[in-house]
Amino acid sequence: MLKSLQLIALLALFAFFAGCSAKNAPVDETALDTQVQAELEKEVGVDNEVADSGVEPLDPELEEAPQETEVLTPEEEKVLRSSNGILFDLNEHDTKEVQQYFGFFTHKARKTFDRWLKRSEPFLPYVRQVLSENNMPQDLAMLPFAESGYNAWAYSRAGAAGMWQFMPFTGRKFGLRVDWWVDERRDPYKSTKAAVKYLTVLHEMFGDWYLALAAYNAGEGKIGRALKRTGSKDFFDLTKNNHKLSRRARLRAETKNYVPKFIAISKIFKNLDELGFTNIDWNNGIQVETVKVPGGTDLLALAKACGMKWSEFHKLNPHFRRQVSPPNAVINAYLPERVMADAADYLESPNSRPFAGYKRYKIRKGDSWYRIARRYGVPVAVLKSVNNQRSNLLRIGKYIMIPGKGSSKAMYASKTSKTRRNAQSRANYRVRKGDTLWSIASRYKVSVRTLKRSNGLYSSKLKIGQKLYIPDNNARSSARSVAKAQNVKQQLVKYRVRRGDNLWKIARRFGVKVSSLMKWNSLNSKSILRPGDRIKVYVQ
């Protein structure tokens, strides 16, 4: 007992002196970095506190530092000694580390590098385009290889995410939204623009691409202080003088190896044929159109309205973390051109945003899906679907999303949208002034309910000129109605195609369907429009 008391007293005394010395210690300039890092690590909890389908860890080859130097073939030696054309004087800096990474990716990690090349094909043309628009070196398109292997879904253990591996703080600083609803670090297009802005800032700050790349990895504060304290003028000089820095201020091995790794990847990429890799197919760039998605949109129903599975939609839109878009915000979604007309039809419907009043709910002791569903009047199936959950288990302290009442209808909105499209194609009546659903139903001896169901209508409101399908209509009346409905083709416009036009843009401009444009002009989804071509458009 006495020994225990003595031990406690000694520990208390040690803690007192340690506290005093910490209080009187000089402030280290790296404290700010530590504070920011702690804040960022806290933010990583946003990623861990909820299920988020599709998230992947970084490939281990990205974090592995090769310790051995591979024996290179004469052809590989020739490539290694060649210039990679990034406007750097690389021959001067063909270091041991460059050779090690070169050998690593052409031998031990060759299959992984092949996989990265294939994964990069959809995005490389876009990345190069953005770099060109900003007068940046084209070889900076190699950076996502070094960061993530061109994986938009990748998360590092430190909490960086996306192709360009932004930390939450830096991502937000350059305009990327990172929260429970979306993670735009995973948006390949928006994150590319943010990365180019960040690299521009770093290059202006250091006046040297090597140092800019090192700062991209370690942070501008870390590199700036290291240069000042060592008196170094460039990256390779800095790595030689790294031992002169205090242990806390030294560059980590990851940062010292970062530029050599980048150089090695760039050399390999510029010599794929010579090294026996499959070359990049530059015609395989992903072709998508951007659509603005209003807050609270049911993304699952949007995908179904476009004839897409959720997995297909999510692959094109990895930045969405939920099957509903965030409230009070317009977010970009990316869709194939062929479905843009269907997407526009769906988004114009008020039923596309049924999740009014949804909120974030923290699971408490005693909660179950059934109890939460009863409490908020939302079906269990809807709750699970919205939260990407299949299991019946709930963890205390975690969060789920609770949509507003009536949201169960949204799960079937795609079915309604399909019904509307079918009704439009078979329309045999145009709404006139004074018409109501009841008067039309009475005239043609059908029920209001049947009329609404046949046309995919929730509301009883009608617009003058609106087309309806009336089931069981007699032949003569039907023929007259169809003739009236076809009057939308009364005026023919011969439109001259402009630069940047496509079928979807032209259809939207004139308020017609893409399928109608194709039919009127004998076109298909593979047809190419060239500036100066004339196409027929029938407008009202």
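Starting from 1, each residue takes its place in the sequence as its number.
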Who passes side chain to side chain contact (heavy atoms under 4.5 Å, CB included) against [X], sequence neighbours left out?
X: Arg530; result: Ile528, Asp533
X: Pro294; result: Thr297, Leu347, Arg353
X: Asn134; result: Val130, Met136, Val196
X: Asn279; result: Leu272, Asp273

Just verifying a value: how many Å separate [X] [atom1] and [Y] [atom2], rounded to the nearest 0.5 Å?
X: Thr230; Y: Asp237; atom1: OG1; atom2: CG; result: 7.0 Å
X: Asp342; Y: Leu335; atom1: CG; atom2: CG; result: 10.0 Å
X: Phe102; Y: Ser266; atom1: CZ; atom2: OG; result: 11.0 Å
X: Leu299; Y: Asn317; atom1: CG; atom2: CG; result: 8.0 Å
X: Phe166; Y: Glu147; atom1: CZ; atom2: CD; result: 9.5 Å
X: Leu503; Y: Leu529; atom1: CG; atom2: CG; result: 4.5 Å

Check whether [X] reaches the backbone of [Y] with its side chain - one donor and one acceptor, N or O, closer than 3.5 Å.
X: Arg321; Y: Asp183; result: no
X: His107; Y: Gly103; result: yes
X: Thr255; Y: Ala214; result: no
X: Glu63; Y: Pro60; result: no
X: Asn217; Y: Leu213; result: no
X: Ser232; Y: Asp234; result: no

Original post:
Salt bridge or not for Arg499 and Asp501, using N-O below 4.0 Å?
Top reply: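 Not counted as a salt bridge, because no side-chain N and carboxylate O are separated by less than 4.0 Å.
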
Original post:
Less than 4.0 Å between a side-chain N and a carboxylate O, is that true for Asp208 and Lys233?
Top reply: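 The answer is no: the pair does not qualify as a salt bridge.
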
Closest non-hydrogen atom pair, [X] against [Y]:
X: Cys306; Y: Val339; value: O-CG1, 3.4 Å
X: Gln138; Y: Ser132; value: NE2-OG, 2.7 Å
X: Gln165; Y: Ser156; value: OE1-CB, 3.4 Å
X: Gly296; Y: Ser325; value: N-OG, 3.1 Å
X: Val514; Y: Ala341; value: CG2-CB, 4.0 Å
X: Lys222; Y: Ala249; value: CE-O, 3.7 Å

**OP:** Write out all pairs satisfying salt bridge (Lys or Arg N to Asp or Glu O under 4.0 Å) with one or both partners inside residues 252-266, taking only residues at least two apart or from two chains.
**Re:**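 For residues 252-266, and leaving out neighbouring residues, the salt bridge (Lys or Arg N to Asp or Glu O under 4.0 Å) pairs sorted by first residue read Arg252-Glu254.
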
Under a 3.5 Å cutoff, is there a donor and acceptor pairing between the side chains of [X] and [Y]?
X: Glu220; Y: Tyr198; answer: yes
X: Asp298; Y: Gln323; answer: no
X: Tyr495; Y: Asn521; answer: no

Subject >> Arg250: salt bridge (charged side-chain N to carboxylate O under 4.0 Å, His left out) partners, not counting sequence neighbours >> reply: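 Salt bridge (charged side-chain N to carboxylate O under 4.0 Å, His left out) list for Arg250, sorted by chain: empty.
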
Original post:
What residues, two or more places apart in sequence or in another chain, satisfy salt bridge (charged side-chain N to carboxylate O under 4.0 Å, His left out) together with Arg119?
Top reply: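 Partners of Arg119 under the salt bridge (charged side-chain N to carboxylate O under 4.0 Å, His left out) test: Asp59.
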
Subject >> Partner set under side-chain hydrogen bond (donor to acceptor under 3.5 Å, both in side chains) for Glu184, not counting sequence neighbours >> reply: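 If we apply the side-chain hydrogen bond (donor to acceptor under 3.5 Å, both in side chains) test to Glu184, skipping adjacent residues, the hits are Lys190.
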
**OP:** For Ser148, check side-chain hydrogen bond (donor to acceptor under 3.5 Å, both in side chains) against everything at least two apart and list the hits.
**Re:**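 So Ser148 forms no side-chain hydrogen bond (donor to acceptor under 3.5 Å, both in side chains) with any residue.
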
**OP:** Please confirm whether Phe105 and Trp116 have ring centers closer than 6.0 angstrom.
**Re:**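 Here the rings of Trp116 and Phe105 have centres that are less than 6.0 Å from each other.
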
Original post:
Do Trp181 and His319 have ring centres separated by under 6.0 Å?
Top reply: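 Between Trp181 and His319, the centre distance exceeds or equals 6.0 Å.
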
Original post:
How far apart are the C-alpha atoms of Leu316 and Met308, what are their side-chain angles, what is the distance that settles it, and do they pass the side chain to side chain contact (heavy atoms under 4.5 Å, CB included) test?
Top reply: CA-CA 11 Å; Leu316 294 177; Met308 301 170 70; 3.9 Å; yes

Is [Y] close to [X] at the side-chain level, that is, under 4.5 Å between some pair of heavy atoms?
X: Leu131; Y: Thr192; value: no
X: Trp153; Y: Arg186; value: yes
X: Asn241; Y: Lys244; value: yes
X: Trp164; Y: Tyr216; value: yes

Original post:
Within 45° of the ring axis of Trp282 and under 6.0 Å from its six-membered ring centre, is that where the NZ or CZ of Arg128 lies?
Top reply: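 Geometry flag: set, cation within 6.0 Å and 45°.
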
**OP:** Tell me, with the steps shown, if Phe145 and Ser120 meet side chain to side chain contact (heavy atoms under 4.5 Å, CB included).
**Re:** CA-CA 8 Å; Phe145 283 117; Ser120 70; 3.5 Å; yes

Subject >> Listed partners of Phe104 passing ring pair (Phe, Tyr, Trp, His ring centres under 6.0 Å), at least two apart >> reply: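 Checked Phe104 against ring pair (Phe, Tyr, Trp, His ring centres under 6.0 Å); zero matches.
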
Subject >> ring pair (Phe, Tyr, Trp, His ring centres under 6.0 Å) involving Phe206 - partner list, sequence neighbours excluded >> reply: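 Ring pair (Phe, Tyr, Trp, His ring centres under 6.0 Å) check on Phe206 returns nothing, list empty.
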
**OP:** Count the heavy atoms of every other residue, nucleotide or ligand shown that sit under 6.0 Å from NZ of Lys384, and state whether that count exceeds 12.
**Re:**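 Check passes, neighbour count above 12.
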
Original post:
Does the side chain to side chain contact (heavy atoms under 4.5 Å, CB included) test come out yes or no for Asp139 and Lys270, once each step is laid out?
Top reply: CA-CA 9 Å; Asp139 282 25; Lys270 285 194 171 295; 2.9 Å; yes

Subject >> Worked verdict on Tyr399 versus Asn387 for side-chain hydrogen bond (donor to acceptor under 3.5 Å, both in side chains) >> reply: CA-CA 9 Å; Tyr399 291 88; Asn387 289 281; over 6 Å; no

Original post:
After noting the C-alpha distance and the side-chain angles of Tyr189 and Phe123, does the key distance pass the side chain to side chain contact (heavy atoms under 4.5 Å, CB included) rule?
Top reply: CA-CA 8 Å; Tyr189 311 101; Phe123 309 111; 4.2 Å; yes

If you look only at distance, which donor and acceptor atoms sit under 3.5 Å apart when one is on a side chain in residues 284-293 and the other is two or more places apart or in another chain?
{"from": "Asn284", "atom 1": "ND2", "to": "Glu121", "atom 2": "OE1", "distance (Å)": "2.6"}
{"from": "Gln287", "atom 1": "NE2", "to": "Gly285", "atom 2": "O", "distance (Å)": "3.4"}
{"from": "Glu289", "atom 1": "OE2", "to": "Asn502", "atom 2": "ND2", "distance (Å)": "2.7"}
{"from": "Lys292", "atom 1": "NZ", "to": "Asn332", "atom 2": "OD1", "distance (Å)": "2.8"}

Original post:
So which of Thr239, Ile263, Asn257 actually passes side chain to side chain contact (heavy atoms under 4.5 Å, CB included) with Glu97?
Top reply: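 With Glu97 as partner, Thr239, Ile263, Asn257 yield a single side chain to side chain contact (heavy atoms under 4.5 Å, CB included), made by Asn257.
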
